[in-house]
Structures are given as C-alpha cells and as structure tokens.
Amino acid sequence: MAVNLLSDKGTPIDQQKFTWKDLVQKPISKMNVDAFTRVRIILMNGIESESIRFGHSCARMNKELQASLAKIRRKEQHQQTMVNWLLPADQSPLETTIGYEQVAIEVTASLARVEPDPYIAQVLRFGLLEDFDHLYRYSALLDRLQGIDANTITQGYTDIVPGRPTADEHRDPLDDLREHYDKKRAQPLTKFHAYTIMAGEHQTHDYYMHYGPWFADPLARQLYAEIASIEEQHVTQYESIIDPTESWIEKWLLHEANEVYNYYSCVTQEEHPHVKAIWERFLDYELGHLQYAMEVCKQIERRDPAEILPETLPEPIAYKSNREYVRQVLRDELNLRADGTRFVDKSQEPDRSLQYRLQLNQDGSPTQTVAAGWSWAPGGELTTRRGLKEAA
Ligand SMILES: [Fe+2]
Ligand SMILES: [Fe+2]
Ligand SMILES: [Fe+2]
Ligand SMILES: [Fe+2]
C-alpha cells in the first residue's frame, strides 16, 4: 500500500460525515486487546487533539484562513471523538495513565531509533529516559492504590524500573529549549517525528492536568502535579525543535501530512479488525484534508505544496517493544542533563536548574515518596491479593 501525498485524493471533505451512533463505536476490551492497539488509540487521540489545537491557534492569527480551518477542524473534532471513545469505561484514569507513559516510551524509542538528524535523535532519547521513570512511579501508585500490576496494561512489552529520577528532571525553563531543525534541510521524517512527539506530549500534559484532581489520596494528587510539570517541560522541549520560520500554512500542511503518516502507520500494523477499519477510514479522511489544505495553499500563498511536502511517505512508525534499546540508552545516557540547548554530564548542570529543583523539592518529592521501598515484580497483582488474603 503506497501513499502519494500530493496526488491521492482520499475521501472528499463533503463526504466525511458522522452520526452520533457512528461516532461512538464499540470500545476495546482492556484485557483482551494487544497493548499496542491501546498505544495507537492514545497516540492518535493526541494527533487529533493537536490538529484541533493548531487549527484554533492558526485561525486566531489568520483571518483569511478562518473559514477553511473551521471546516476541517469540525472533522478533526469528530475524528478525535471516535478515536478516544474507543477506550473502555472500565479502564480507570490511572490505568490509562500507564497507557500514556507506555506510549511515551515505545513511540519515542521507535522514533529515536530511526531519526536521521543526530541532534534530534539525542533530544528524543533525553525525553525517553524521563517518561520511562514516570511509568515506574505511576506503577507504584497503581499498586498502592488499587493493588493492580501495571503489567496488565503494558503486557510485558515495557520494563517497569526507574529511569532518570523524576525528582531530577525539574529544570530551569532555559534548559528545556532545544535547537530547531532547519525547514529547508530537514528530512520529512524528522518533521513528522517532531510533530508527532509534540502532539503526544501535549495531550499527556493535558490528561494529567485533567485527572490529577480526581484522586482523593493526597500523594496521588501530588504525584500527578509533579509529573504534569515535567510534561509541560517536554512540550517546551519538543515544540522548540520545530522550525519557527515555517509559515502558518506550511505548518497546516505539515499537520495534515503528519496525520496521514500516522494513520498510515497504524493501518500497516493494526490487527484488531474493528480498530483497523477506523484507521483505514481516517487515512482516507486525512488525505482529503490534505488535498483541501493544498488547494488553500495554492490560492492564498500562491505556493506549490510540492515545495513543502514529500510525494511519498517514509517507513511507518514501528509499533513494537523497544526493551533492549531502552536498556542501552539507560546504560549510556542516564546521567545526561541539559545546559541550555546542549546535553552535558550531570556534574556540569547549570546552577539555575539545580536551584530551581532544590526549591521545588524542598518539602519532598512525591515521585520519590510513592516508590519508596517499592519495586515492580511479575504478578504483583496476585502477590498483593494473596497478601491481603493471608492477612485476613
Ligand atoms: Fe484528523
Ligand atoms: Fe511522562
Ligand atoms: Fe513526557
Ligand atoms: Fe486532518
């Protein structure tokens, strides 16, 4: 299945229609579905959420694009609903959180492994080790609060051990900014990676900000507060790798092309027939959006979209366990820290970040407290249940 970004028409936008019944499809089963189906659902929700966020920002700054953006944005909103509502009601916010961190780890690792720009690959690996630690901290919370083994969600694809300690991830904002790719020289794959990871991290931040206050347990509330702060740092990092000299319309085209790339990646690997049919349908919808945006680009900017977009897509995002790769990055780069846009050994971390962190953590760090004396062991759920039984 080859996709031509410039000539494939996809589904014309006036044929992209929904009814409420169609919009709200049968959810997946949290236990019986492969973890990577959940990973794709969560990431695609993030991709759609970013397309709406971008559409609004762009409309607020460009009167002449408002009507076209309003038209497409309605489709994006309905797409996001269909995708996100695939998550089942019996998957608690904390279990979904485990899913979010698995997305952050496995998707970031997959991108980093094939990223052609060595600096951007380094940025991805830097973020990877931080989200890796978040999975461990939230897994400790899931065990403490509900006696549930996080591995029931991650299904053995992802290690649950400490990464760069979250308590050490708090940095001065100046140490979260990175160098951006050059829009003229960067390969399309680099651009897709940057747009994808920014979308994923942004929705993760928003998710933690939304669900943190749902918990009664004070430590859980603090834990979400602490990790949400890091996700904000991650959004800062990943948006800064995108060339800010791209025009608004250039960014619109790249958003649509990246949506095509992401749905295409899902289609190539999805085994769940019902979910796969949705990816196929939306791949065609995104090609329709892209056609529409390219027309707008020709009319308003008098530019040929072929100057901005590649004709063919790169290899799809690989949805597979990156366990060995992540272990290697942990061994090699755990002690890296940021000094402005550069990565340095932790002995050279700037004082501004050390001071910032010292102040924030002075009453203790919830991510340390939650995992104190805890380590993940296989079958933790059973052990806890047995423990409770024996105690009773
Ligand atoms: Fe979309
Ligand atoms: Fe994270
Ligand atoms: Fe993150
Ligand atoms: Fe779109």
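- Side-chain N/O atoms of Q233 and E130 include no donor and acceptor closer than 3.5 Å.
- Relative orientation of the Y211 and W214 rings is perpendicular, given thresholds of 30° and 60° on the angle between their planes.
- Panel note: side chain Q368, backbone P165; no donor-acceptor pair is recorded below 3.5 Å.
- With salt bridges taken as basic N to acidic carboxylate O contacts below 4.0 Å, none links E101 and R137.
- Between Q16 and D284, the shortest heavy-atom contact is NE2-O, 4.5 Å.
- For the pair R221 (side chain) and P213 (backbone), a donor-acceptor distance under 3.5 Å is present.
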- request: I would like to know whether F132 and L334 meet side-chain contact (heavy atoms from CB on, under 4.5 Å); could you show each step before the answer?
  value: CA-CA 11 Å; F132 187 74; L334 186 63; over 6 Å; no
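- Without hydrogens or angle criteria, N62 side chain to E64 main chain gives no donor-acceptor distance under 3.5 Å.
- The two residues C297 and I308 have their closest heavy-atom pair at SG-CD1, 4.3 Å.
- In this structure, D176 and E232 have side chains that are not in contact, with every pair of non-hydrogen atoms separated by 4.5 Å or more.
- Ion pair E295/K298 flagged as a salt bridge, since at least one NZ, NE, NH1 or NH2 atom sits closer than 4.0 Å to an Asp/Glu carboxylate oxygen.
- Inter-residue side-chain proximity for E286 and E48 is flagged as met; some heavy-atom pair is nearer than 4.5 Å.
- When all heavy atoms are compared, the tightest approach of S7 to Q291 is C-NE2, 3.9 Å.
- When only modelled atom types and interatomic distance are considered, Q237 and H234 share no side-chain donor-acceptor pair under 3.5 Å.
- Within the 3.5 Å criterion, the main-chain N or O of A59 finds a donor-acceptor partner in the side chain of Q66.
- Defined by atom type and a distance below 3.5 Å, a donor-acceptor pair is missing between the side-chain atoms of H289 and E259.
- The aromatic rings of F126 and F343 sit tilted, their planes meeting at an angle between 30° and 60°.
- Residues V267 and V260 share a single hydrophobic cluster, defined by chaining ILVMFWY side chains whose heavy atoms lie under 4.5 Å apart.
- Separation of the Y138 and Y208 ring centroids falls under the 6.0 Å cut-off.
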message: Under the criterion salt bridge (Lys or Arg N to Asp or Glu O under 4.0 Å), I'd like the reasoning laid out for R327 against E324: C-alpha separation, chi angles, the key distance, then a yes or no.
response: CA-CA 5 Å; R327 286 179 184 168; E324 284 310 319; 3.0 Å; yes
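- Side chain to side chain, Y261 and T196 fail the donor-acceptor criterion of an N or O pair below 3.5 Å.
- Taking 4.5 Å as the limit, some side-chain heavy atom of W252 sits within range of a side-chain heavy atom of S68.
- A donor-acceptor pair shorter than 3.5 Å can be found between the side chains of E301 and S247.
- For E239 (side chain) and H202 (main-chain N/O), no donor-acceptor pair under 3.5 Å exists by modelled atom type.
- Of the N and O atoms on the side chains of E226 and T367, at least one donor lies less than 3.5 Å from an acceptor on the other residue.
- Salt bridge annotation for D168-R164: absent, with no cationic side-chain nitrogen under 4.0 angstrom from a carboxylate oxygen.
- Of the residues N151, N322, D34, the one that meets the side-chain hydrogen bond (donor to acceptor under 3.5 Å, both in side chains) test with Y157 is D34.
- Salt-bridge formation is detected for the pair D339/R352: a Lys NZ or Arg NE/NH1/NH2 atom is positioned less than 4.0 Å from an Asp or Glu carboxylate oxygen.
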- prompt: Does the side chain to side chain donor-acceptor pair (under 3.5 Å) test come out yes or no for W376 and D149, once each step is laid out?
  reply: CA-CA 8 Å; W376 179 82; D149 180 353; 2.7 Å; yes
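- Closest approach of T154 and Q102 over heavy atoms only: O-NE2, 3.0 Å.
- Inspection of the T37 and E270 side chains reveals an N or O donor paired with an N or O acceptor under 3.5 Å.
- In this structure, the side chain of K30 engages the main chain of D90 through a donor-acceptor pair within 3.5 Å.
- Ring geometry for Y207 against Y100 counts as parallel: the plane angle stays under 30°, on a 0 to 90° scale with 60° as the upper cut.
- Counting only distance, with no hydrogens or angles, the side chain of Q155 and the backbone of V33 share a donor-acceptor pair below 3.5 Å.
- Remark: E246 engages K251 in a salt bridge, criterion side-chain N to carboxylate O under 4.0 Å.
- Remark: the Q269 side chain and the S265 side chain contain no N/O donor-acceptor pair separated by less than 3.5 Å.
- Among K184, K191, K183, the single residue meeting the salt bridge (Lys or Arg N to Asp or Glu O under 4.0 Å) criterion with E250 is K183.
- Of the N and O atoms on the side chains of D175 and S353, at least one donor lies less than 3.5 Å from an acceptor on the other residue.
- Looking only at atom types and distance, the side chain of N258 has no donor-acceptor partner in the side chain of H255 under 3.5 Å away.
- F192 and Y195 have their aromatic ring centers separated by at least 6.0 angstrom.
- When side chains are defined from C-beta on, Y285 does not count as touching K75, because their heavy atoms never get closer than 4.5 Å.
- Summarising the local packing, CZ of R185 is surrounded by 12 or fewer heavy atoms from other residues, nucleotides or ligands at distances under 6.0 Å.
- Side-chain contact between V123 and E115 is absent, with no heavy atoms from C-beta onward closer than 4.5 Å.
- A salt bridge between K17 and D22 is absent, with no side-chain N of the basic residue lying under 4.0 Å from a carboxylate O of the acidic one.
- When side chains are defined from C-beta on, D172 does not count as touching H170, because their heavy atoms never get closer than 4.5 Å.
- D143 contributes no side-chain N or O that, together with a main-chain N or O of S139, makes up a donor-acceptor pair within less than 3.5 Å.
- Here the side chain of D8 pairs a donor or acceptor atom with the backbone of N4 at under 3.5 angstrom.
- Salt bridge R38/E95: absent, no basic N to carboxylate O contact under 4.0 Å.
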message: Pair R171, E349 - check salt bridge (Lys or Arg N to Asp or Glu O under 4.0 Å), show working.
response: CA-CA 10 Å; R171 287 178 289 274; E349 196 172 14; 5.8 Å; no
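- Residue P116 comes nearest to T190 through the heavy atom pair CG-OG1, 3.5 Å, listed as atom of the first residue, atom of the second, then distance.
- Residues V114 and Y264 fall within the same hydrophobic cluster, defined by Ile, Leu, Val, Met, Phe, Trp and Tyr side chains chained together at heavy-atom separations under 4.5 Å.
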task: Report the C-alpha separation of Q77 and R74 in whole Å, then their side-chain angles, then the decisive distance to 0.1 Å, and conclude whether the side chain to side chain donor-acceptor pair (under 3.5 Å) test is met.
output: CA-CA 5 Å; Q77 202 274 345; R74 187 65 49 85; over 6 Å; no
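- A donor-acceptor pair under 3.5 Å is formed between the side chain of T108 and the backbone N or O of A104.
- Across C58 and L65, no two heavy atoms sit closer than the pair SG-CD1, 3.8 Å.
- The shortest side-chain heavy-atom distance between Q79 and Y263 falls under the 4.5 Å cut-off.
- Counting only heavy atoms from C-beta outward, the side chains of Y319 and S110 never approach each other to under 4.5 Å.
- A salt bridge is defined here as a Lys NZ or Arg NE, NH1 or NH2 lying under 4.0 Å from an Asp or Glu carboxylate O, and R53 with D206 meets this definition.
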